[in-house]
Structure formats: C-alpha cells, structure tokens
**Q** 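Next up is a structure, given as structure tokens.
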Amino acid sequence: MAAVDGDTELAALFAQAGGSAPAYERIKNLVTAQIRSGRWEEGDQLPSEHQLVAALGLSRMTINRALRELTAEGVIIRKMGVGSFVAATKQSSPLFEVRNIADQIQQRGHRHRTEVVLVRAETIDSTHAFLRDSIGSRGFHSILVHFEDDVPIQVEDRYVNPAEAPGYLEQDFTATTPNDYLSRVAPLVRGEHVVEAVLGSPEECRLLRIEASEPCLLIRRRTWSEHGLVSVARLVHPGSRNRLEGVFGR
C-alpha cells in the first residue's frame with residue numbers, strides 16, 4: 001500500500017509541516033507525523049525521490065538528505081531499486097535489568113503468549129564445561145518462543161540448575177514465564193549480561209520467522225541466587241523488531 005495518493009496530497013502535507021525549520025527537517029516532520037498518526041503504517045511505501053521533487057519543488061539533494069536521516073534514525077528503510085518504506089516499530093528491552101518479558105509486552109498494551117519448543121532434563125556434556133562446573137552433570141533445558149500479539153520477538157534458550165529450581169520441569173510455561181517462576185523460587189542477587197550482534201541459527205530464524213541474513217540481538221544472561229548459579233540463558237531477538245535501552249549515572 002502506498003503511503004500517499006498523489007502530488008497534491010504531498011504538497012498539502014508539506015505545507016502543514018510549516019514552521020521555519022529547514023526544508024529537509026520539514027520533510028522529516030511530515031513523514032514522522034503521518035507515521036505517529038497511524039495514517040502511514042509499517043510496510044507502507046513512501047513516495048519516490050522523483051515524486052517528492054516534483055510535488056514539493058525541492059532539490060533532489062534536500063529530499064535525499066531527509067530520507068537518509070530518516071533511515072539512520074530507523075524510521076524508514078530503503079531498498080535499492082525498489083523504494084523507501086515505513087520501518088517496523090522496534091520494541092525496547094531493558095539493558096541493565098532482568099525483567100519479565102510478559103510484563104514488558106503487557107505494559108506496551110499488547111498481548112504476550114509463549115510457544116514451548118522443549119522442556120526437559122539433560123546431561124551436560126563437555127561442550128558446556130562452564131555449565132557442568134556450575135550446575136553439575138544434569139540440568140534442566142528449555143527453549144521457548146515469546147510472541148508480542150502474533151509476532152515472534154524472542155527465542156529463549158535456557159539451562160537451569162535443578163538444585164535451585166527443582167520444580168522447573170513441572171511448570172506450564174504457556175501460563176507463566178521462566179523469569180517469573182525463577183524469581184519466586186530463587187530470588188536474584190546477581191546477574192551478568194553479554195550483548196552481541198549475531199546471525200541466528202537456522203532453527204532460531206525459523207522460530208522467529210526471519211530471513212537467515214537478518215541481524216539479531218543476542219543477550220547471554222547468567223543469574224545467581226544467594227546459593228549459587230540459577231540459570232544461563234541465550235535470548236535471541238530479531239534486530240528489526242527490538243532495541244536495548246539502559247539508563248545510568250554517576
């Protein structure tokens with residue numbers, strides 16, 4: 001679906017942007033205002049540079065600057081030889097906190113649901129030496145996919161220490177989350193995050209419904225209770241659907 005119908009509408013929208021700001025800023029204001037209002041939706045195609053030049057009477061350099069900056073800010077995406085499109089909204093996740101993903105989604109006014117891929121006890125082999133050292137020879141392993149409405153936004157691959165959460169395998173993770181359960185039975189006293197940009201594995205890409213070439217945000221998280229290591233999690237998010245935010249001070 002095209003974002004606007006023609007040159008006359010474009011000119012009217014540009015006039016409404018008004019103000020004394022430079023022309024490229026007014027173009028950016030026009031685009032962001034239409035997106036915030038819901039009139040231009042995720043995936044809508046924007047007018048071409050040629051159409052913007054013709055409709056607004058501005059130089060191609062001015063138009064190009066506005067579109068470049070909107071792309072850098074994540075508002076639109078540009079596909080070579082195809083055009084510019086309204087970008088998918090990126091949902092925020094806290095960088096310095098360990099929060100329940102279901103609560104985050106519900107606070108945004110959306111619906112959370114989980115699909116369970118596996119929950120089972122496993123022998124920890126030599127490829128997971130750090131787990132064996134901290135948890136022992138047996139651990140609980142779960143893989144879940146978290147959805148925001150009907151869009152998969154996280155694959156959660158977690159190993160859990162049975163000594164800290166002996167009832168883990170009996171939980172219904174379509175009704176609660178591992179974070180919620182673990183915070184009740186083994187309250188967090190310390191956590192560790194490592195954040196990376198990665199390509200998902202073929203299985204992670206399938207679960208997230210993304211192309212193999214799409215960058216992902218990976219959080220490797222370890223949490224401890226006062227008694228020892230509780231869990232080690234690999235949290236994979238599609239880069240186009242998520243961003244990490246944190247606040248810090250002196």
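For clarity, every value in this text was computed on a predicted model and none was experimentally measured. Computed from heavy atoms alone, side chains included, the values below leave out hydrogens, waters and symmetry copies.
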**Q** Nearest heavy-atom pair of Gly83 and Gln45: which atoms, and what distance?
**A**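 Looking at all heavy atoms of both residues, the shortest contact is CA-NE2, 4.0 Å.
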**Q** With Ile153, which of Ile105, Val145, Val236 fulfils side-chain contact (heavy atoms from CB on, under 4.5 Å)?
**A**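 Testing each of Ile105, Val145, Val236 against Ile153, the sole residue satisfying side-chain contact (heavy atoms from CB on, under 4.5 Å) is Ile105.
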**Q** Examine the side chains of Asn179 and Thr177 and answer whether a donor and an acceptor come within less than 3.5 Å of each other.
**A**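 Their side chains do not contain a donor-acceptor pair, so the 3.5 Å distance test is not met.
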**Q** Will you find, in the side chains of Arg222 and Ser231, an N or O donor that is under 3.5 Å from an N or O acceptor?
**A**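 No, no side-chain donor-acceptor contact under 3.5 Å.
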**Q** Would you say Asp149's side chain and Val151's backbone share a donor-acceptor pair under 3.5 angstrom?
**A**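 It does not hold such a pair.
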**Q** Quick one: pull up NE2 in His110 and CD in Gln104 and give me the separation to the nearest 0.5 Å.
**A**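 That separation rounds to 13.5 Å.
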**Q** I'd like to check Ile76 versus Ser84 (side-chain heavy atoms, cut-off strictly below 4.5 Å). Are they in contact?
**A**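 Sidechains of Ser84 and Ile76: in contact.
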**Q** Quick check: is Val117 connected to Ile210 through a chain of hydrophobic side chains (ILVMFWY, heavy atoms under 4.5 Å apart)?
**A**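 The answer is yes; both residues are in one hydrophobic cluster.
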**Q** List, by chain and then residue number, the residues other than Phe140 in its hydrophobic cluster (Ile/Leu/Val/Met/Phe/Trp/Tyr, side-chain heavy atoms under 4.5 Å); write none if there are no others.
**A**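 Val116, Val119, Leu144, Val160, Tyr168, Leu169, Phe173, Tyr181, Leu182, Val185, Val230, all in the cluster of Phe140.
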**Q** Within the 3.5 Å criterion, strictly below it, is a donor on His141 or Asp157 matched to an acceptor on the partner's side chain?
**A**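 Yes.
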**Q** Among Arg209, His237, Arg113, find the residue that satisfies the side-chain contact (heavy atoms from CB on, under 4.5 Å) test when tested with Pro152.
**A**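 Between Pro152 and the candidates, side-chain contact (heavy atoms from CB on, under 4.5 Å) is satisfied uniquely by Arg209.
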**Q** Run Val86 and Leu46 through side-chain contact (heavy atoms from CB on, under 4.5 Å) and show every step you take.
**A** CA-CA 7 Å; Val86 178; Leu46 272 64; 3.7 Å; yes
**Q** Holding to side-chain hydrogen bond (donor to acceptor under 3.5 Å, both in side chains), I want the full list of residues that pass it with Glu170, two or more places apart in sequence or in another chain.
**A**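 Listed in chain order: nothing, the list is empty.
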**Q** One thing to verify: whether Arg39 and Asp44 come together as a salt bridge, which I'm taking to mean a side-chain N less than 4.0 angstrom from a carboxylate O.
**A**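 Arg39 and Asp44: not salt-bridged.
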**Q** Could you work out, with side-chain hydrogen bond (donor to acceptor under 3.5 Å, both in side chains) as the rule, every residue matching Arg234, not counting sequence neighbours?
**A**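 With neighbours one apart ignored, the set is Glu204.
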**Q** Does Glu69 pair with Lys28 as a salt bridge, N-O distance under 4.0 Å?
**A**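 Counted as a salt bridge, because a side-chain N and a carboxylate O are separated by less than 4.0 Å.
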**Q** Salt bridge or not between Arg111 and Glu148? Use side-chain N to carboxylate O under 4.0 Å.
**A**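 No.
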**Q** Evaluate the criterion side chain to side chain donor-acceptor pair (under 3.5 Å) for residue pair His146 and Glu156; output intermediate values, then yes/no.
**A** CA-CA 8 Å; His146 296 282; Glu156 174 188 329; 2.7 Å; yes
**Q** So does Arg190 pair up with Glu192, basic N to acidic O under 4.0 Å?
**A**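 Looking at Arg190 and Glu192, the cut-off is not met.
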**Q** To the nearest 0.5 Å, how far apart are CD1 in Ile143 and OH in Tyr159?
**A**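 With rounding to 0.5 Å, CD1 (Ile143) is 7.5 Å from OH (Tyr159).
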**Q** With a cut-off of 6.0 Å (strictly less than), are more than 12 heavy atoms of other residues, nucleotides or ligands near CD of Glu211?
**A**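 Open: at most 12 neighbouring heavy atoms sit under 6.0 Å from CD of Glu211.
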**Q** Checking salt bridge (charged side-chain N to carboxylate O under 4.0 Å, His left out) for the pair Arg78/Glu49: CA distance, chi angles, key distance, verdict?
**A** CA-CA 11 Å; Arg78 303 175 81 183; Glu49 285 191 24; 2.6 Å; yes
